[in-house]
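These notes concern the structure reproduced below.
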Amino acid sequence: MHTTFKTVGIIGRLRDPSIATTLTALCGFLMQRHYKVVLAKDSERFIDNLSVETCALNEIGQRCDLIIAAGGDGTFLSAARAIVDYDIPLIGINLGRLGFLVDISPNDLADKLQAILHGHYTEEHRYLLRAKIIRDGRVIHEETAVNEVVVHRWVTPSMIEIITKINGVFLNSQRSDGLIVSTPTGSTAYSLSAGGPILYPSLDALVLVPLNPHTLSNRPIVVHDSAEIEISFCQTKQINAQVTCDHIEIPDVLISDKIFIKKDPKPIRILHPEGHDFFQILRNKLNWSSGYHS
């Protein structure tokens with residue numbers, strides 16, 4: 001049974017003034033239909049002649065039962081990370097260029113959003129990763145990622161040397177520019193650019209993709225998403241390495257540190273218009289089958 005929504009939160013791309021038209025139309029659309037609207041702080045400067053409530057991004061999940069992210073995939077990722085603990089659904093409006101996660105265009109906004117608000121939608125769950133950096137036996141940093149966790153060299157021309165274990169079992173050691181640990185959601189992001197496979201979003205899987213490995217036989221590998229990934233360093237001199245969780249940077253990783261990566265137990269809930277087709281999105285975004293007509 002589909003949920004009836006009452007309070008809708010809106011998170012907009014903050015660095016793009018061109019979002020003003022879409023945000024104004026979106027707020028007006030919702031308010032005319034008597035939904036309570038809460039706008040993420042700093043987005044209100046793009047709204048003309050509308051009185052809407054605002055709150056901090058990290059509080060919006062407490063106040064709403066539906067979130068709309070208007071922007072590109074980066075905006076969607078920020079929104080997902082902000083609401084993962086609140087079990088509320090997320091809709092993406094695509095104002096970016098590529099956009100595998102945001103699948104409603106501004107031109108279709110009224111019709112498709114109206115249908116979703118009336119319960120005509122497809123819901124899917126996407127899991128995040130949780131990364132912990134361990135130093136001297138304690139957690140010094142913990143972060144979540146929707147797309148990927150990346151361990152990579154930082155401000156140094158040298159490769160890094162890392163050891164990877166899966167559930168405590170040795171997988172390999174490698175010299176490379178780094179390693180991507182990606183969710184199925186992230187398989188169409190950085191992982192894809194690095195030569196990793198595209199994973200169907202509902203797969204219970206993670207993919208590990210080496211970045212420019214010294215040994216060309218070092219290839220991507222797919223493992224079950226229940227696995228805990230452990231990454232450590234095997235060089236003897238200090239290095240400059242960095243961990244990134246989506247676009248969140250964690251610099252100054254030491255050779256004595258260990259990075260543990262595991263699926264977060266709480267998924268994000270994404271609402272798509274009825275008829276959502278992942279393969280069609282791939283064809284459109286990657287320009288596949290341009291000459292084929294069914």
Exercise. Does some side-chain heavy atom of Tyr35 sit less than 4.5 Å from a side-chain heavy atom of Leu117?
Worked result: yes
Exercise. Any donor-acceptor pair under 3.5 Å linking the side chain of Thr144 with the backbone of Leu129?
Worked result: no
For this session: Answer yes or no: is there a donor N or O on one side and an acceptor on the other, between the side chain of Asn167 and the main chain of Ala227, under 3.5 Å?
Result: no
Exercise. Does the side chain of His247 reach to within under 4.5 Å of the side chain of Asn147, using non-hydrogen atoms?
Worked result: no
Problem set entry | Connected via hydrophobic side-chain network under 4.5 Å: Val52 and Val8 | yes
For this session: Start with the C-alpha gap between Asn172 and Ile221, add the side-chain angles, then the distance that decides, and say whether side-chain contact (heavy atoms from CB on, under 4.5 Å) holds.
Result: CA-CA 11 Å; Asn172 64 7; Ile221 181 171; over 6 Å; no
Seminar exercise, completed: When every non-hydrogen atom of Thr7 is compared with those of Arg63, the smallest separation belongs to CG2-O, 3.2 Å
Exercise. Is there a donor-acceptor contact under 3.5 Å from the side chain of Ser182 to the main chain of Ser187?
Worked result: yes
Problem set entry | Close side-chain approach of Arg126 and Pro201, heavy atoms under 4.5 Å | yes
Exercise. In the hydrophobic clustering (ILVMFWY, side-chain contacts below 4.5 Å, transitive), which residues join Tyr127, or is it alone?
Worked result: none
Problem set entry | Hydrophobic cluster identity match, Leu208 and Ile163, side-chain contacts under 4.5 Å | no
Seminar exercise, completed: The side chain to side chain contact (heavy atoms under 4.5 Å, CB included) partner of Ile10 among Leu30, Ile67, Val38, Leu66 is Leu30
For this session: Apply side-chain contact (heavy atoms from CB on, under 4.5 Å) to Glu142 and list each qualifying residue two or more places apart in sequence or on a separate chain.
Result: Arg130, Lys132, Val139
For this session: Identify whether Leu57 and Val84 are in the same connected component of the hydrophobic contact network (ILVMFWY, side-chain heavy atoms under 4.5 Å).
Result: yes
Problem set entry | Arg33 charged N/C atom sitting above Phe29 aromatic ring, 6.0 Å / 45° | yes
Problem set entry | Min side-chain heavy-atom separation Phe233-Val151 under 4.5 Å | yes
For this session: State which residues pass side-chain contact (heavy atoms from CB on, under 4.5 Å) with Asp87; sequence neighbours excluded, sorted by chain then number.
Result: Arg269
Problem set entry | Test item: Ile270 and Phe76 side chains (from C-beta on) under 4.5 Å apart, heavy atoms | yes
Problem set entry | Ring-ring centroid check Phe278 Tyr200, cutoff 6.0 Å | yes
Problem set entry | Gap between atom NE2 of His272 and atom CG of Leu90 - 0.5 Å precision | 9.5 Å
Exercise. Is there a donor-acceptor pair under 3.5 Å between the side chain of Thr183 and the backbone N or O of Leu128?
Worked result: no
For this session: Using distance alone, with no hydrogens and no angle criterion, decide if Asn218 and Thr215 have a side-chain donor and acceptor under 3.5 Å apart.
Result: no
Exercise. When rounded to the nearest 0.5 angstrom, what distance separates CD1 in Ile231 from CD1 in Ile261?
Worked result: 4.0 Å
Problem set entry | Any Thr188 side-chain heavy atom under 4.5 Å of Leu282 side chain | yes
For this session: Indicate the atoms forming the closest heavy-atom contact of Ile11 with Ala40, along with that distance.
Result: CG1-CB, 4.0 Å
For this session: Please confirm whether the backbone N or O of Asp103 pairs with a side-chain atom of Asn94, one donor and one acceptor, at under 3.5 Å?
Result: no
Exercise. Roughly how far, to the nearest 0.5 Å, is NE2 of His141 from CZ of Arg135?
Worked result: 11.0 Å
For this session: Give a yes or no on whether the backbone of Leu95 and the side-chain of Arg13 come within a donor-acceptor separation of less than 3.5 Å.
Result: yes
Problem set entry | Closest approach of Ile19 to Ala70 (non-hydrogen atoms, all atoms of both residues) | CD1-O, 3.2 Å
Problem set entry | Gap between atom CZ of Arg153 and atom OG of Ser176 - 0.5 Å precision | 9.5 Å
Problem set entry | Residues in side-chain contact (heavy atoms from CB on, under 4.5 Å) contact with Asp225, at least two apart in sequence or another chain | Asp204, Leu206, Lys263
Exercise. Are any non-hydrogen side-chain atoms of Ile116 and Ile104 less than 4.5 angstrom apart?
Worked result: yes
Problem set entry | Distance in Å, Asp85 CG paired with Asn58 CG, rounded so as to fall on 0.5 Å steps | 11.0 Å
For this session: Kindly write out the residues that satisfy side-chain contact (heavy atoms from CB on, under 4.5 Å) with Thr54, not counting sequence neighbours, or none if the list is empty.
Result: Leu39, Lys41, Glu44
Problem set entry | His224 atom NE2, neighbour heavy-atom count above 12 within 6.0 Å | yes
Exercise. Do the non-hydrogen side-chain atoms of Ser191 and Glu148 ever get within less than 4.5 Å of each other?
Worked result: no
Exercise. Taking all atoms of both residues into account, what is the closest heavy-atom pair of Thr122 and Gly275, and its distance?
Worked result: OG1-N, 4.4 Å
Problem set entry | Audit row: Ile93, Leu26, side-chain contact (heavy atoms from CB on, under 4.5 Å) steps and yes/no | CA-CA 10 Å; Ile93 297 175; Leu26 178 58; 3.9 Å; yes
Problem set entry | Linked hydrophobic residues, Ile248 as query - side chain contacts closer than 4.5 Å | none
For this session: Answer yes or no: is there a donor N or O on one side and an acceptor on the other, between the side chain of Asp177 and the main chain of Asn212, under 3.5 Å?
Result: no
Seminar exercise, completed: What one should report as the nearest heavy-atom pair of Cys55 and Ile60 is SG-CA, 3.6 Å
Exercise. What distance do Ile259 atom CD1 and Ile250 atom CD1 have between them, rounded to the nearest 0.5 Å?
Worked result: 9.0 Å
Exercise. Does Val149 share a hydrophobic cluster with Ile134, counting links as ILVMFWY side-chain heavy atoms below 4.5 Å and allowing steps through other members?
Worked result: no
Problem set entry | Stepwise side-chain contact (heavy atoms from CB on, under 4.5 Å) test for Ile229 and Leu171 | CA-CA 10 Å; Ile229 315 298; Leu171 171 64; over 6 Å; no
For this session: Determine, using the 4.5 Å side-chain heavy-atom cutoff (strictly less than), whether Met159 and Leu216 are members of one ILVMFWY cluster.
Result: no
Exercise. Can you name the closest pair of heavy atoms from Pro210 and Gln174 and give their distance?
Worked result: CB-OE1, 3.5 Å
For this session: Would you check if the side chain of Asp257 reaches a backbone N or O of Leu254 as a donor-acceptor pair within less than 3.5 Å?
Result: yes
